[in-house]
Structures are given as structure tokens and as C-alpha cells.
Amino acid sequence: MKAAVASNKPVDKLSEAEAKAELERLAREIAHHDELYYAQDAPEISDADYDALRQRNAAIEARFPSLVRADSPSSRVGAAPVAVFGKVRHAVPMLSLGNAFTAEDVVDFFARVRRFLRLADDATVELTAEPKIDGLSISLTYESGRLVQAATRGDGTTGENVTPNVMTLKQIPRRLAGKGVPGLIEVRGEIYLRHDDFEKLNAEQAAAGAKVFANPRNAAAGSLRQLDSSITARRPLRFFAYGWGAASALSVDTQFGVYKRFEQWGLPLNPLMQVCRTAEEVLAFHREMEAQRAALGYDIDGVVYKVNRLDWQERLGFVSRAPRWAIAHKFQPQEATTRLNDIEIQVGRTGALTPAAKLAPVTVGGVVVSNATLHNEDEIARKDIRIGDTVTIRRAGDVIPQVMGVVLDKRPKGAKAYKFPEVCPACGSAAVREVDERTGRADVVRRCTGGLICPAQAKERLKHFVSRNAFDIEGLGEKQIEAFYDEGRIMQPADIFTLAERDARLAEDKRLAAKKGYGAKSIENLFKAIEARRAIALDRFIYALGIRHIGETTARDLAKALGTFDAFRTAAVAAAKGGKDSDAYQELDNIEGIGATVVDALIDFFSEPHNLQALDDLSAQVAVEPFVRATAASPITDKTVVFTGTLEKMTRPEAKALAERLGAKVTGSVSAKTDYVVAGSDAGSKLAKARDLGVEVLTEDEWLKLVSGET
DNA sequence: ACCCCTCGAGTTCT
DNA sequence: CTCGAGGGGT
């Protein structure tokens, strides 16, 4: 059967005959997809498309109750529709927690607990410490070990009955296993979505034209409150247990002891839970969690401490709506809302048009953010971001601010959908999205076709040329390039090396010395820095050209294979002349790490007379040194090394250069092929992954010993 | 024909 | 740091 999509005709426009026919078709299709999904585990449509079918079915049935079929999908077992969620009164209220925002608040908490229990100031108070999951609280009632009811937190006193939906969660046991299961226990915990699952869900929602969720918590809440539990079943909701309400005969005397029991019974626990004995330990845990926050894969908004001894918990009791024996230690919020004042289009080195959000400055996670990338045209359309909108900003752990979505309630009247420009803002050339010939899909990036005539691209290429891993000319950074280009001093790479000579011939008032901020000394330094780069390694030279798809590594591959600038130039020119079937094309294609895409990019570059001219002008000015093979064998020759965390004794680039000089390959991500992971302080996800894969992990000192040849 | 690994490109703020 | 995609191995 063909992948079906709900038909478009509005339900209220359907005739009775049409409705009847469509209900029949929907019953057949949904049954078919159910079979594929449940029995064969091979769905052929996305969950969102499937949901759309079911929702359409429900809508038609609602309008034509007389047409509801005996085999209606909505009446199938496991999919019983719940008209309205029933209300559930919590036997023991689900309270909130007091908050701590600073270390001082935490120390105060310890002091309050000691004072209340009349303990000495130096008495040990054990606390459990655990991440505070940002999801929705849920209460699970187990009678004789069987799950009989699930309810949301609601207002703390009364929640909603979501039992059929919760029953579909794979991580929530229907029956508690093992010893010591009490006759009655109400387990509490958090239902949440992982980031990757959330992204996937949203992509599917978007593809199906359905609602896109603003964040994982909303998506989890939306998924749990589905009227049709078979939709919930298809959402990858997860669960962590962290407490309990009513319970009979637990026969355990600590909070952590109960967690251990939970685990034995088959309830999922957050693996990061631990016991702390001092304020210092607790604060260290908080710091650790904040550092790991981004790498966890799910949202947390702080950590929670609970007095470990249950008899003490009982004595401490409650103040108004929060227990005295627990506290939530919040992180600095990493999310904020602000106004999007404008969308600016930046033109990159390759001509890519990248939209940037200009924001009313707002503090997120401790820094003031005023810019955020909007990635591309589709992203703006998907989130329907408009100028003047109030948007939510998040600093994901990677530190880079992201626009998560729009606060629709605050959209100004008359705000129009954003129209992405189809001409380059810098040069006016057409900006197009290339269409892949094979798949017929348009590239996500729109590019300026101006190429050599586009000043924005020219500037970006020059910035790339002088950047750290290319020519690395001190005193000639992005700012200077911008200015020198605008003043006509440097229009192309070769101009850098004739700058001094030309400057000397200029009229007094046009010379660099007449420019604000340029004294005799800084001019001398700049010219010296330029002279120092008249000799350059072949790989850096190739990289500096900024040819598409040729980054640092590929430039090195080419340099290594071809050896000299002349060989490189000859091979590329011959391939450009000879085309796909020439020997020169094959020679390049055969180089390790080089494929058709890279060769085609080379050909594009070398087919352009202006580029050849610029290249010849440049090579008249600089001496390109032949590629030099790495030094003799060392303990790390041909090993793959990954650096992570903060190194103390040298910077990352230094460490990388050293490793490469000794014949090692340095990569950015840990995989099964990695030989060593060198972990500095505050190492995060890469370290975790290395442990996962059983890759050897070295401290910085061990690493230094290894490379210096000691054992 | 896939899948894994790695590379390239784009990005914010201090 | 992350995404998307190129390259190469199975």
C-alpha cells in the first residue's frame, strides 16, 4: 500500500457518502500501518503522518457518529479514546521544592537542617544529590506490584488520570519485579524526552505539517496528553523515578536505600544519583552537573538534594508547600526571551547566505547575547520567525545561542512572514539554491552566484587567506582586511606582499602612516610579519586558496601526494583542461582522501582565468616549500589521537601540532578507531564516549611521557 | 548498497 | 560544537 496522507478536504465539508468512504479507507490504512509497526516493526510512514491519519479519523467520527464502524481504529484495544481525562486526587500531595540559587543558599540549607534536628554544627548530614530533570512529574500507583494508575501532578493536589497513555511507556514497568515489593506504593518520577528524540519528533512533525514543539518538555507533555494512547505509544518518552508518596512497609531507612530498591524492582533511575556528606561535596556535584549539562542528552534545570535518613526526613516535615528536608539547587537559566529586531544576511567565503538574528540584548546563562544564527532559509520558515517577534533563546551547552521558537502571543499585529532575499545583499547577483541532480532536492544553503565579483566573498576569502592555519599574518586580522579592502589597498592575496612597496609610492596623505591608529612602529611590525611569510609550506598554501571542499586535512592530503607547488598546479590545470576522462583527473581522484567532489571543486577553481592569474601573481611573490614528510618513527606514529578538556601544559593547537609532527593523526571525535584520548580537566562527552568504547584514556602527564619516549 | 568515520563550514562571546 | 555530506571500507 502506498504511504498515505490524510486527505485535505475539511471535515465539515464532507458529504455523508464521502465520510463513509473515507472512514473505510482510513480503517484499512491504519490497520495496515499498525500491522507494519507493531508486528513487523517496519513502519513505512512517519509517526506524525500516522497521527494525522488517526486524528482525521477521529474528527470524521466526531462529526458523523452514526458512521462509526465496528472495526473503527479508535475503538481498537490499546487505543481506547478518552474523551476527557479523569481527575485524580493525590493521597499524598505532590509538593514543589524550595529553591537555592547560590552556594550560600545551600550552606544555609545545611544549617537549617542541623538547627531543626538540634545537631552540632559539625555533625554529618548525608544528602542524596541528583539531577533535576526538566520534564513532567508523574505519580504511578502500584498495588501488589501491579501498575494500576498513573496521574499527572496537576496542581499538586489533583492531577489527571493518564493511565492508558503511561501504560505505553516502555521504561515504566507494568509490574514491579523482585523481593520486598510493598502491597501499595505510589512511585513518583519524571517523564521526559531526550534531545535527539525530540529533534527527530519535531522533524517528523514539520514534514507532516503538524505542530512543532518549542522544547522537549512541551513535547513530552503534549505526547502524554494525547487522547489516543496509540499516539503516545509512538513517542519515545522516558522515565526516571525519584521518590514516592503513599507506601506501605518499605523497610528501608534511607532515601538512597529506596532508590536501590526501585532499581531492583525494575524502575529506571538516573545513573548520576549519589550520596554526599558535606556542603563541599554537594557544591562539587552541582558544578559537575552544570559542566556535564549539555552532554547529558536531556534537559535538567538544576540538582536536588534530599536528607538521606528517612527518620530525619520525618522529623523535618514540611513548610507550607515544600519539604524541609529537600531543596532544588537551580542552574543559571540558559533560556530567555527577547525581541528579534532584525534579520541580517551575511555572505560567507563560499557565497553562502546565512541569516543572523539581531536581538535586543538579553542575558542567557551568564552572558549577554545580541546575535544568534538562524542557520538558513528553511529554518526561518519552519519556525515562522518574523521581524519584531519575541523569541526564546537558548544557549545549548555548546555555548552558541540558538533561537528556539517564537512566542506567538507576543507577535505584533501585521508582522509579515519573512521573505528570504534571492539576490546577494553585497553584490546584487542572483542567489540560488543548487539542486542535486540525482535526488532533485534543493540545497539548504542559498548561495551568491557573484563569485569573483562579489566584494563580500572577496573579503571573506582574504580573511581565510590570512587566518591562523593558512598564512597566519600577525597584524592582519579580520578588521584590517575589511579596512584595507575598502580602501583599495588589498584586493587579492598577492596585494598583501606588494603592500609595502606600493605604500612607499603613495602620496603622503594616502599612505598607511596617515591612517588613524597606525604609527611607525605598527607599520614596521606589519611589514615584518608579511615578509616572514614569503616562504610557506605547500599544505598551508593550498589551504589558504580557500577552494571549496578543501580544508586543512584535504590540503595536506594533496600536498603529501603531489609534493610541490608545480606538481599541484600542473595536475590541477591538466585535469581542468582534460575533463573527467583525462589521466590528470584520475591521478587526482586516486589520491587517498580525494574523491570526485574535491576534484570537481579543484577543476572549477582552475578553469577560471582570474583565479589562474591571481595564483600566478601570488606565486611570483612567495616561495612555496615542498611538502616535508613527518619525522622518524615515534611511539605514536600512525596512531589516532583525540584531545578533550582543558590542557594545562600546552594549548590545543600546540598539542595537535606536536602530535602531528610525531606522525600521529589528530581527529575531533572519538570512535572505535581512536587509539588514545588525552583528557585534560573538565573533559565531557568525549571522555564518556572513550570509556564506552574502551579506548585508552591518558592524562596530560601520561601523554607527555608517552611522546617524550619514556614509559 | 549501505555504514562508519572524518572533514568542512558556519557560528558566539570573552 | 554540531550538522551535513564526502570518502572509503565492507
Side-chain angles (χ1 to χ4, degrees), chain A residues 195-196 199-200 203 291-295 297 334 344-359 361-379 393-403 433-434 436 438-439 441-447 456-457 460-461 463-464 467 469-470 478 539 542-543 545-558 561 588-602 640-645 652 656 665-675 682-686 689 693 695:
Chain A
H195 293 152
D196 45 1
E199 298 295 342
K200 206 171 129 222
Q292 278 195 39
R293 185 175 187 184
Q334 298 209 340
E344 195 178 278
I345 304 291
Q346 294 164 352
V347 184
R349 169 167 67 87
T350 62
L353 265 48
T354 309
K358 308 308 267 180
L359 307 165
V362 63
T363 305
V364 195
V367 305
V368 178
V369 171
S370 48
N371 299 303
T373 179
L374 293 169
H375 297 108
N376 57 56
E377 194 172 347
D378 292 349
E379 178 82 1
I393 307 294
R394 179 142 88 197
R395 259 176 27 114
D398 56 334
V399 184
I400 301 197
Q402 292 177 316
V403 175
R433 298 174 66 168
E434 278 170 43
D436 187 304
R438 288 211 321 277
T439 64
R441 282 227 315 265
D443 196 342
V444 288
V445 309
R446 188 175 281 280
R447 285 179 204 281
Q457 288 189 52
E460 293 303 317
R461 277 196 301 269
K463 287 180 194 169
H464 173 77
S467 67
N469 296 317
E478 301 207 354
D539 51 346
I542 295 174
Y543 172 66
L545 297 177
I547 299 166
R548 248 235 282 165
H549 297 120
I550 302 184
E552 250 186 290
T553 308
T554 311
R556 192 158 50 240
D557 289 344
L558 285 165
L588 289 171
D589 192 42
N590 286 340
I591 297 171
E592 176 93 5
I594 309 296
T597 310
V598 172
V599 183
D600 290 344
L602 267 172
T640 301
V641 183
V642 175
F643 293 98
T644 181
R652 256 320 163 96
K656 183 171 183 233
K665 201 170 151 81
V666 178
T667 65
S669 55
V670 179
S671 74
K673 287 194 181 172
T674 309
D675 294 295
D682 292 329
S685 60
K686 285 185 206 168
K689 182 151 186 208
L693 294 170
V695 173

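Any value given below was found using the heavy atoms of this structure, including those in side chains, with hydrogens, waters and symmetry copies removed. Since we're looking at a predicted model, the values are computed, not measured. Chain naming here is simple, since letters A, B, ... match the order of the sequence lines and numbering starts at 1 in each.
In this structure, of B:dT6, C:dG6, B:dA9, it is B:dT6 that holds the atom nearest to the side chain of A:Thr667. For A:Thr640, counting side-chain heavy atoms from C-beta on, the closest listed nucleotide (B:dT11, B:dT6, B:dG10) is B:dT6. Distances from the side chain of A:Arg349 to the nucleotides B:dT6, B:dG10, B:dA9 place B:dA9 closest. Distance from the side chain of A:Ser370 is smallest for B:dC13 among the nucleotides B:dC13, B:dT12, B:dG8. Nearest to the side chain of A:Val598, among B:dG10, C:dG6, B:dT11, sits C:dG6. Listed nucleotides B:dG8, C:dG9, B:dT12 differ in distance to A:Glu592; the shortest reach to its side chain belongs to C:dG9. Of all nucleotides listed (B:dT12, B:dT6, B:dG10), B:dG10 comes nearest to the side chain of A:Ala352. Candidate nucleotides B:dC7, B:dA9, B:dT12 were compared by shortest atom distance to the side chain of A:Asn371, and B:dT12 ranks first.
Put simply, CD on A:Glu460 is 16 Å from C1' on B:dG8, counting in whole angstrom units. In this structure, NE2 of A:His195 is placed 14 Å from C1' of C:dT2, rounded to the nearest angstrom. Per the geometry, NE2 belonging to A:His464 stands 10 Å off P belonging to B:dG10, to the nearest Å. Nucleotide B:dT11 holds its P atom 15 Å from the CG atom of A:Leu359, rounded to whole Å. Atom CD of A:Glu379 is separated from atom C1' of C:dG4 by 14 Å (rounded to the nearest Å). Summarising the geometry, the separation between NZ on A:Lys463 and P on B:dG10 is reported as 12 Å, rounded to the nearest angstrom.
Across all strands shown, A:Val445 has no heavy atoms under 4.0 Å from either base or sugar-phosphate atoms. Among the atoms of the strands shown, only primed sugar atoms or phosphate atoms (P, OP1, OP2) are found under 4.0 Å from some heavy atom of A:Ile591. The residue A:Val369 sits close only to the backbone: its heavy atoms come under 4.0 Å of sugar-phosphate atoms, none of a base. Contacts of A:Gly348 with the nucleic acid, taken as non-hydrogen atoms under 4.0 Å apart, are absent.
Residue A:Lys665 places at least one side-chain N or O under 4.0 Å from the OP1 or OP2 atom of B:dC7. When the side-chain nitrogen and oxygen atoms of A:Thr554 are compared with OP1 and OP2 of B:dG8, one or more of them lie within a distance under 4.0 Å. Taking side-chain N and O atoms only, A:Thr597 has no distance below 4.0 Å to OP1 or OP2 of C:dA5.
Using a 4.5 Å heavy-atom threshold, the side chains of A:Val641 and A:Lys665 count as separate. The shortest distance between side-chain heavy atoms of A:Ile550 and A:Leu545 does not fall below 4.5 Å.
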Hey, mind stepping through A:Thr554 and A:Val598 against side-chain contact (heavy atoms from CB on, under 4.5 Å) and telling me if it holds? CA-CA 9 Å; A:Thr554 311; A:Val598 172; 4.0 Å; yes

Start with the C-alpha distance between A:Glu379 and A:Asn376, add both sets of side-chain angles, then the distance that settles side-chain contact (heavy atoms from CB on, under 4.5 Å), and finish with yes or no. CA-CA 5 Å; A:Glu379 178 82 1; A:Asn376 57 56; 3.6 Å; yes

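Counting only distance, with no hydrogens or angles, the side chain of A:Arg349 and the backbone of A:Gly546 share a donor-acceptor pair below 3.5 Å. Not a single donor-acceptor pair under 3.5 Å links the side chain of A:His549 to the backbone N or O of A:Leu602.
Each of A:Arg548 and A:Ala372 lies near DNA chain B, and the nucleotide nearest A:Arg548 is the one positioned closer to the 5' end.
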